[in-house]
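For reference, the structure is listed below as structure tokens.
Just so it is clear, the values below take in all heavy atoms, side chains as well, and ignore hydrogens, waters and symmetry mates. Just so it is clear, the structure is predicted and the values come from calculations on it, not from any experiment.
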Number of protein chains: 2
Amino acid sequence: MKNNIRVERAILQISQAELAEKVQVTRQTINAIELGKYAPSAVLAMKIAKVFGKAVEEVFQLEEND
Amino acid sequence: MKNNIRVERAILQISQAELAEKVQVTRQTINAIELGKYAPSAVLAMKIAKVFGKAVEEVFQLEEND
DNA sequence: TCAATATGTAAAATATATTTTACTTTTGTT
DNA sequence: AACAAAAGTAAAATATATTTTACATATTGA
């Protein structure tokens, strides 16, 4: 699972900590997901996409191994 | 987390078992998610939406408690 | 350069999703 | 009614996401 979180954050100019606060998870969770260490839950993915004003598919992309 | 899986399945006329096979999970997983017993992972939500030819947000909707 | 802010990382604990196996109930068809 | 297919359920095991605490490194601005 790939994602554009870093780019979307840059557009909004918000830190990992700020995004974390907006979607009510810890900063470490955002960091791990942004770095692709694991994939989020659907609820979290939808909340993140919502913050960016994008569809889930615009922020997260399935890969072959998914 | 709400969803329209039942309706989307009806449109495609596929059973829970068939959807499960398409997205590579067990029938019980589809049943549990369809009934709202728990929310799927983002990967699974995206695969399900893809089968239906819809965006994740069209198949799954966040609720207040999410 | 110094300090502050942001990011990366890690291990252990907890929460949640998914599988497996198995059985029950419902629905649709003949 | 009888049969088959579909859907519902449940408990235990496993996999994965998320939290917590804590520290290390990098980046930015004064």
**Message:** Side-chain N or O of B/Asn31 versus OP1/OP2 of D/dG8: is the shortest distance under 4.0 Å?
**Reply:** yes
Just by modelled atom types, is the [Y] backbone N or O under 3.5 Å from a matching donor or acceptor in the [X] side chain?
X       : Y       : result
A/Gln13 : A/Ala10 : no
B/Glu58 : B/Ala55 : yes
B/Gln16 : B/Arg27 : no

**Request:** State, yes or no, whether a side-chain contact exists between B/Arg9 and B/Phe52 at a heavy-atom distance under 4.5 Å.
**Result:**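 Contact flag for B/Arg9/B/Phe52 side chains = yes.
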**Side-chain heavy-atom pair B/Val23, B/Thr29 within 4.5 angstrom cut-off** =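 No, side chains not in contact.
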**Item:** Shortest non-hydrogen contact between A/Val56 and B/Glu57, atoms and distance
**Value:**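 So the minimum-distance heavy-atom pair works out to N-OE2, 3.0 Å.
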**Item:** For B/Asp66 against B/Glu63, the heavy-atom pair lying closest together
**Value:**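 The answer is OD2-N, 2.7 Å.
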**Whole-Å distance separating the CG atom of A/Leu35 from the C1' atom of C/dT7** =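 These atoms are roughly 8 Å apart.
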**Prompt:** Between B/Arg6 (CZ) and D/dA6 (P), how many Å, whole number?
**Reply:**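 Rounded to whole Å, this separation is 14 Å.
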**Request:** Would you kindly say whether B/Glu8 and B/Asn3 are connected by a side-chain donor-acceptor distance under 3.5 Å?
**Result:** no
**Item:** Members of residues 13-23 of chain A that approach DNA chain C, where some heavy atom sits under 4.0 Å away
**Value:** A/Ser15, A/Gln16
**Request:** Take nucleotides 12-30 of chain D nucleotide by nucleotide from the 5' end and write B, S or -, depending on whether a protein heavy atom sits under 4.0 Å from the base, only from the sugar-phosphate, or from neither.
**Result:** -----SBBBBB--------
